[in-house]
Amino acid sequence: MTTSAATTSLANLLHRQRDYWASGATPSLDFRLDRLKALRGAILKYQADIIDAVKQDLGRPEFEGYFEVGVISELDYVIKHLRRWVKPRKASLPLSQLPGSAWVQPEPRGVALIIGPWNYPFQLIVSPLMGAIAAGNCALLKPSELAPATSKVLAQLVEDTFDPAHVALVEGGVEAAQALLAEKFDHIFFTGGERVGKIVMQAAAQHLTPVTLELGGKSPCIVDADVNLEVAARRIVWGKFLNAGQTCVAPDYLLVDERVKDKLVAALQQRIQACYGDNPATSPDLSRVVNDRQFDRLVGLLNQGNILAGGGHDRGDRYIAPTLIDGIGWDDAIMQEEIFGPILPILTYRDLGDAIAAINQRPKPLALYLFTRDRQVQTQVLDRTTAGSVCINDVILQIAIWDLPFGGVGSSGLGSYHGKHSFDTFSHLKSVLKKPFWMDMDWRYPPYGDKVKLFQKFIGLS
Ligand code: NAD
């Protein structure tokens, strides 16, 4: 398709969605539930294709392929609770406003644009999509071009399941994303890196469109001396090396109490061997790096510090071994950017206060992990750091609790979603006040005379 043809068809698509939105079909609860159930059926129908696609795109083992299909558990949660979420939420009135009633009435925003990344290419389109549908919106989807097999399956699934006037998908790369961003939407939901997040926010500003930005960053993982090192190592190795480290909330680096560092390193080495064998290149359970560009960037990070495990790589196969590195300083290149690959730098601290200060000097992380049994340490870290989410004594699992909002803070993101938080994100929470005619107090009307005293009382001054 030529660029102008593509632009015309995009404009047509948007027109159709705007008309559909204006027809008032999407906000009905029955319609929303029907479309969510249709989405559920489609995920079940396509599950083998989804797993196969992420295998093609990322060399994902079948088990980790199910992380994509697993989005269905959030969908079930949404279907179960939606009837309650759509209801008006009662607000209390101050005495001065009586008689009357007030409530918050969630209403759909309109037409939403959802742009996704390549690392969990199915899940990170479908999870926001269910929020958009649940809240009664139309949606245009733009998956990542860097996971082309998944993008194709998504396109097929969407075409099979939805009227394009309600939900449609546009495949393509930067050009397609920019053509979409030039249009006016009622909400933009973007998942990706910080650099593109800024581009999205700038484009949204032209139309004053609200945005949700789900970005990345360096998520620290603190390991205190008071831990079960074996269990900590099992959990860290799993969370860091699944999907070959290409997980936005993977622990990016370890900050370890120097007294337990050697023991922790031994436990991590042992776990890597237990999970991926003597030669991880032949393990069926290790994903591959998504493309040559990412591979070259990651291999460039292996030139620093001392390699304690792994380090091997093969460009033809885009394989990088699960790698542990120490001898790293805060100023090294590997500590300047999100690693987003199977390389884990290990830094140490003597004083927890110094570790906290080091974290706080850097951009606010998407996730923060803390391993310790010590409640005082837990409180100290929780109270003195900030992060999109925190998980104590485990990693990653906090994002699969649908009652918890998932999102970043500062440069790791803006806004949040999951479960009811997705519903709220894709809704406008409209305030409503309703007054009866039967009583009309005189205190606010001129002539004011000596009513000022009464007013002072109302506002709590006397
Ligand atoms: P990316 O920012 O490069 O791309 C994301 C999307 O933006 C893609 O669909 C791409 O086509 C589009 N895009 C790329 N360049 C663009 C441009 N110039 N203008 C407009 N659109 C453009 O991100 P990625 O490499 O796909 O994903 C990796 C990043 O995403 C990491 O930083 C990771 O931490 C982050 N991430 C965050 C979350 C989260 O939930 N917070 C989840 C997954 C990934």
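First listed ligand is number 1; within each ligand, the first listed atom is number 1. Positions are given from 1 along the sequence.
- Between the side chain of H428 and the backbone N or O of P108 there is no donor-acceptor pair closer than 3.5 Å.
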Exercise. Show the numbers, then the answer: is there a ring pair (Phe, Tyr, Trp, His ring centres under 6.0 Å) between F423 and H81?
Key: CA-CA 10 Å; F423 175 82; H81 294 284; over 10 Å; no

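- For the residue pair R375/Q378, the side-chain donor-acceptor check at 3.5 Å is not satisfied.
- For ligand 1, the atoms closer than 4.0 angstrom to any heavy atom of Q178 are 17 (C), 18 (N), 19 (N), 20 (C).
- For the pair P143 and L154, the tightest heavy-atom approach, listed with the atom from each and the gap, is CB-CD1, 3.9 Å.
- When each atom of ligand 1 is checked for a heavy atom of E214 under 4.0 Å away, the hits are 37 (C), 38 (C), 39 (C), 40 (O), 41 (N).
- Those atoms of ligand 1 with a heavy atom of I115 less than 4.0 angstrom away are 6 (C), 7 (O), 9 (O).
- The atoms of ligand 1 that sit less than 4.0 Å from any heavy atom of K142 are 8 (C), 9 (O), 10 (C), 11 (O).
- Side-chain contact of Y369 with Q398: a donor-acceptor pair under 3.5 Å is present, judged by distance alone.
- Contacts between L215 and ligand 1 below 4.0 angstrom, taking non-hydrogen atoms only, involve the backbone exclusively.
- Near G193, with a cut-off below 4.0 Å to any heavy atom, the atoms of ligand 1 are 1 (P), 2 (O), 23 (O), 29 (C), 30 (O), 32 (O).
- Here T191 has heavy atoms under 4.0 Å from ligand 1 in both its backbone and its side chain.
- When each atom of ligand 1 is checked for a heavy atom of F406 under 4.0 Å away, the hits are 40 (O).
- Looking at K152 and D57, no side-chain N of the basic residue comes within less than 4.0 Å of a carboxylate O on the acidic one, giving no salt bridge.
- Residue-level proximity to ligand 1 for F190 is carried by the side chain, the only part with a heavy atom below 4.0 angstrom.
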Practice problem: Dump the intermediate steps for side-chain contact (heavy atoms from CB on, under 4.5 Å) on N119 and L124, then the final yes or no. | Solution: CA-CA 9 Å; N119 63 330; L124 294 175; 3.7 Å; yes

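- By the criterion of a heavy-atom distance under 4.0 Å, neither the backbone nor the side chain of L146 is placed next to ligand 1.
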